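Beneath this line is the structure, given in structure tokens, with notes to follow.
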Amino acid sequence: MRENMFSENNRISGRQAFRLLTYDLLGLSTLLVPPALGRTAGRDGIFCIAAGVAAGFLFLKLLGVVARDMEEAYPAYLVRRLGRIFGTLAQAGYVVWFVTLAGYTAYLFTDAVKKNLLREESYLLVLLMIVLLAVYGLWGGIEGRARIYEMLFWFLIIPLFLMLIFALDEIRTDYWIPVATTEPSAFLKGSYQMFACMAMITFVVFAGSYVEDKRRLLLAGKRALLFTGAIHAALYLILLGIFGAAALGEMDYPAVSLMSAVRISGGFLKRADAFMF
């Protein structure tokens with residue numbers, strides 16, 4: 001059966017999977033990675049991004065072995081391959097990870113909104129709105145979310161590209177040098193920090209029951225990693241060239257600070273930070 005974005009067969013297309021995975025990889029990491037690498041690796045953070053993305057590709061290759069072996073949903077696959085006891089324990093481990101990740105994400109986004117958009121608003125009210133939006137998204141199912149990302153993908157990505165382009169005039173290239181001055185241990189730590197964000201590509205195995213063609217699913221994962229890595233590299237170089245490594249490491253959300261500082265010509269987007277939130 002041919003898939004399309006308006007189907008109701010609990011399936012999503014490879015293109016929709018790419019867009020879902022891209023935002024899963026970008027949403028949290030664009031807040032966390034730049035300041036973390038600024039503190040850990042400084043000017044060599046760009047190499048940590050490359051190493052982290054490369055590790056993500058290796059991890060995806062391992063996930064591909066699992067995805068191609070799946071004939072059912074991933075939780076049922078775990079029980080089939082590991083047995084009922086160990087399969088259930090593995091599922092419990094995923095539940096703990098996802099709940100912890102969801103809680104931390106809710107805290108981080110609430111804190112970012114409070115500090116940059118709604119400084120006078122109640123923390124609990126902002127958190128409640130974020131949780132309600134998340135529940136509403138879950139209620140719509142995987143197809144509902146896929147359709148939203150299908151429509152909004154370039155609508156949000158293009159302004160991000162414009163913001164990065166208009167920030168180029170502010171770059172001081174002397175902030176990029178010298179390089180290769182970071183200790184090996186710091187480089188490894190920075191690479192791991194990047195990989196920890198890219199490891200969310202593990203969602204491909206959970207999407208296996210929604211994308212019929214596993215080759216398209218894995219291709220979507222590869223494209224999402226490559227696309228995300230390119231955005232991170234560009235964003236980090238721009239942030240490093242504007243703020244410098246020392247200041248970058250001390251900032252809470254440098255990507256948001258960049259959004260609030262950059263003004264896109266033409267005046268059609270006054271508050272890039274509010275739009276991108």
Side-chain angles (χ1 to χ4, degrees), residues 17 19-40 52 55-56 59-60 63 73-75 78 86-142 144-146 148-149 152 156 189-210 221 224-225 228 231-232 235 249-257 259 273-274 276-277:
R19 297 183 178 190
L20 284 167
L21 289 169
T22 296
Y23 274 114
D24 283 339
L25 293 172
L26 277 178
L28 197 62
S29 62
T30 46
L31 293 178
L32 295 177
V33 167
L37 293 185
R39 289 189 296 270
T40 303
F59 183 47
L60 179 61
L63 295 174
Y74 186 54
L78 289 174
F86 290 106
T88 302
L89 289 175
Q91 292 180 44
Y94 276 114
V95 169
V96 171
W97 177 34
F98 289 146
V99 170
T100 303
L101 179 63
Y104 180 65
T105 302
Y107 155 75
L108 192 70
F109 285 172
T110 303
D111 186 59
V113 169
K114 273 280 294 175
K115 288 181 177 179
N116 296 277
L117 291 181
L118 304 173
R119 295 181 178 87
E120 306 301 324
E121 195 53 79
S122 165
Y123 181 91
L124 290 179
L125 180 60
V126 176
L127 176 61
L128 177 62
M129 294 304 298
I130 290 176
V131 171
L132 288 177
L133 285 170
V135 172
Y136 178 75
L138 290 172
W139 189 268
I142 186 69
R145 294 196 298 277
I148 291 174
Y149 282 94
L152 293 183
L156 295 175
K189 182 179 179 181
S191 300
Y192 175 76
Q193 289 170 333
M194 181 64 188
F195 169 70
C197 292
M198 297 300 98
M200 291 179 70
I201 198 67
T202 191
F203 291 149
V204 297
V205 292
F206 289 92
S209 57
Y210 301 109
L225 280 172
T228 301
I231 290 179
H232 268 293
L235 178 63
E250 296 297 324
M251 301 173 73
D252 290 328
Y253 308 114
V256 178
S257 299
M259 290 178 191
D273 54 342
M276 293 306 296
F277 265 115

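Computed from a predicted model, the values in this text were never measured in an experiment.
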As an exercise, state the distance from [atom1] of [X] to [atom2] of [Y], rounded to the nearest 0.5 Å.
{"X": "Cys197", "Y": "Asp24", "atom1": "SG", "atom2": "CG", "answer": "12.0 Å"}
{"X": "Leu89", "Y": "Phe86", "atom1": "CG", "atom2": "CZ", "answer": "7.0 Å"}
{"X": "Ile231", "Y": "Leu25", "atom1": "CD1", "atom2": "CG", "answer": "10.5 Å"}
{"X": "Tyr104", "Y": "Leu32", "atom1": "OH", "atom2": "CG", "answer": "4.5 Å"}
{"X": "Thr105", "Y": "Ile130", "atom1": "OG1", "atom2": "CD1", "answer": "10.0 Å"}
{"X": "Asp111", "Y": "Leu127", "atom1": "CG", "atom2": "CG", "answer": "11.0 Å"}

Show the numbers, then the answer: is there a side chain to side chain contact (heavy atoms under 4.5 Å, CB included) between Met200 and Leu101?
-> CA-CA 10 Å; Met200 291 179 70; Leu101 179 63; 3.9 Å; yes
Determine the minimum heavy-atom distance between [X] and [Y], stating which atoms define it.
{"X": "Ala224", "Y": "Leu21", "result": "CB-CB, 3.9 Å"}
{"X": "Thr30", "Y": "Gly27", "result": "OG1-O, 3.6 Å"}
{"X": "Glu121", "Y": "Val126", "result": "CG-CG2, 4.0 Å"}
{"X": "Ile201", "Y": "Leu63", "result": "O-CD1, 3.7 Å"}
{"X": "Lys114", "Y": "Glu120", "result": "NZ-C, 4.4 Å"}
{"X": "Gly190", "Y": "Thr40", "result": "N-CG2, 3.6 Å"}

Using a 6.0 Å cut-off, check whether atom [atom1] of [X] has over 12 heavy atoms from anything other than its own residue.
{"X": "Tyr123", "atom1": "OH", "value": "yes"}
{"X": "Phe98", "atom1": "CZ", "value": "yes"}
{"X": "Phe206", "atom1": "CZ", "value": "yes"}
{"X": "Lys189", "atom1": "NZ", "value": "no"}

Contacts of type side chain to side chain donor-acceptor pair (under 3.5 Å), residue Tyr94, not counting sequence neighbours | Tyr74
Heavy-atom check, side chain of [X] versus side chain of [Y], under 4.5 Å:
{"X": "Leu28", "Y": "Phe109", "result": "yes"}
{"X": "Arg145", "Y": "Leu138", "result": "yes"}
{"X": "Met194", "Y": "Ser29", "result": "no"}

For Tyr149, enumerate each residue passing the ring pair (Phe, Tyr, Trp, His ring centres under 6.0 Å) test, keeping only those at least two apart in sequence or located in another chain.
-> Tyr23
Does the side chain to side chain contact (heavy atoms under 4.5 Å, CB included) test come out yes or no for Tyr210 and Leu20, once each step is laid out?
-> CA-CA 12 Å; Tyr210 301 109; Leu20 284 167; over 6 Å; no
